[in-house]
There are 2 protein chains.
Amino acid sequence: MAKTPNSIQDITRELDFGPLTDLVGYRLRKAQIAAYQGFMTGQDAPGLTPGQVGVLILIDRNPALTQQTLSYGIGVDKSTLVATLDRLTERGLIRRVRSAVDRRQNELRLTPKGKKTLHDALGYIDRHEMNLTSRLSADERETLITLLHKIG
Amino acid sequence: MAKTPNSIQDITRELDFGPLTDLVGYRLRKAQIAAYQGFMTGQDAPGLTPGQVGVLILIDRNPALTQQTLSYGIGVDKSTLVATLDRLTERGLIRRVRSAVDRRQNELRLTPKGKKTLHDALGYIDRHEMNLTSRLSADERETLITLLHKIG
DNA sequence: TATTGTTATACTCTATAACTATA
DNA sequence: TATAGTTATAGAGTATAACAATA
């Protein structure tokens with residue numbers, strides 16, 4: 001029998017990726033896609049993107065966080081953030097509270113529902129993290145994080 | 001003197017990122033963004049995205065590569081690939097050659113200009129890779145690649 | 001004048017569905 | 001009928017520029 005590649009996996013395996021295979025930049029991209037996909041499709045996924053959960057975490061841990069500061073924190077433009085916050089507001093997870101000190105600013109807060117959702121999401125994140133690194137030992141996982149810190 | 005945060009770096013440093021800081025998924029995203037930005041803005045950047053260079057590499061190393069197979073290889077839909085290939089064609093880097101065997105298929109080929117561009121881009125990739133991993137030892141870099149392979 | 005949040009706009013990346021030409 | 005490539009379309013993510021309210 002001749003080798004007849006049928007599945008996408010077969011085809012991909014037969015392709016020559018040349019120098020891409022062991023390039024940090026390329027491996028980062030593949031790993032990041034795998035992490036994102038895994039997060040979004042896992043058992044009991046929270047129905048939020050990793051970025052949205054990140055926003056909830058920052059709001060939770062930084063009292064009176066403003067949109068401008070949050071936009072610096074997550075590295076996106078303040079205009080980009082508006083739609084994200086709109087969506088979280090519509091879902092009843094956060095509120096924008098006009099600052100009494102400087103009425104140009106919004107102070108971002110979690111609603112009770114937002115707190116509950118974040119709590120559940122944090123549990124999910126732990127399970128997802130274990131899943132993502134299931135082929136790594138605890139030492140390897142720590143090493144990976146340390147090395148990624150040196151790049152990011 | 002009070003600590004008065006002025007720069008974005010100051011503000012970001014004072015933010016509490018909670019569990020995000022040591023999450024593999026989050027660190028992957030930050031590292032990937034750093035890699036992409038570094039690639040695009042580095043000295044002598046080729047004016048191509050990492051993805052576009054990846055396409056050139058695959059075309060170069062896989063004779064008579066078809067669009068369908070390439071789309072499996074890089075993990076995007078065949079319809080998504082069309083615009084990418086259009087752009088590379090407009091820039092004179094690749095050609096679509098109708099297959100004589102199966103006239104539905106295009107065989108993708110680098111033009112001489114595409115070969116030259118890829119050759120230069122490969123040199124740039126090496127420099128960028130060194131730059132990206134400048135805070136890592138050779139051993140650490142190898143370890144990182146190995147660990148990323150286990151995730152992607 | 002400068003800053004905060006918003007809107008208008010545009011560009012990229014992505015996919016799904018329908019189309020064409022071939023098989 | 002099925003496949004390869006294309007087009008039409010839509011949604012998410014991103015940024016820049018201009019605006020209103022406020023400082």
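Below, chain A is the first sequence line, B the second, and so on; all start at residue 1.
Between the C1' atom of dA23(D) and the CD atom of Gln105(A) lies a distance of 10 Å, rounded to the nearest Å. Rounding to whole angstrom units, CG of residue Leu88(B) and P of dC13(C) are separated by 11 Å. Here the P atom of nucleotide dA4(D) and the CD atom of Glu107(B) are 13 Å apart, to the nearest Å. Between the CE atom of Met40(A) and the P atom of dG11(D) there is a distance of 17 Å, given to the nearest Å. Taking atom CD1 on Ile33(A) and atom C1' on dG13(D), their separation rounds to 15 Å, with Å as the unit. For the pair Arg29(B) CZ and dG13(D) P, the computed distance is 10 Å after rounding to whole Å. Per the geometry, CG belonging to Asn106(A) stands 15 Å off C1' belonging to dT7(C), to the nearest Å.
Between Leu148(A) and Ala31(B), the shortest heavy-atom contact is CD2-CB, 4.0 Å. Smallest separation of non-hydrogen atoms from Ile94(B) and Ile59(B): CG2-CD1, 3.9 Å. Ala64(B) and Glu107(B) make their closest contact through CB-CD, 3.7 Å (heavy atoms, listed as atom of the first residue, atom of the second, distance).
Using a 30° and 60° split on the angle between ring planes, Phe39(B) and Tyr124(B) fall in the perpendicular class, above 60°.
Residues from residues 66-87 of chain A with heavy atoms under 4.0 angstrom of DNA chain C, sorted by number: Thr66(A), Gln67(A), Gln68(A), Lys78(A), Ser79(A), Val82(A).
Using a 4.0 Å cut-off between charged side-chain N and carboxylate O, Arg96(B) and Asp86(B) make a salt bridge.
Between the side chain of Arg104(A) and the base of dT3(C) there is at least one donor-acceptor pair of N/O atoms closer than 3.5 Å.
One finds no side-chain N or O of Arg103(B) lying less than 4.0 angstrom from the OP1 or OP2 phosphate oxygen of dG5(D).
Nearer the 5' end of DNA chain D, as judged by each residue's closest nucleotide, is the contact made by Arg96(B), out of Asp102(A) and Arg96(B).
Counting heavy atoms from C-beta on, the side chains of Leu85(B) and Asn106(B) never come closer than 4.5 Å.
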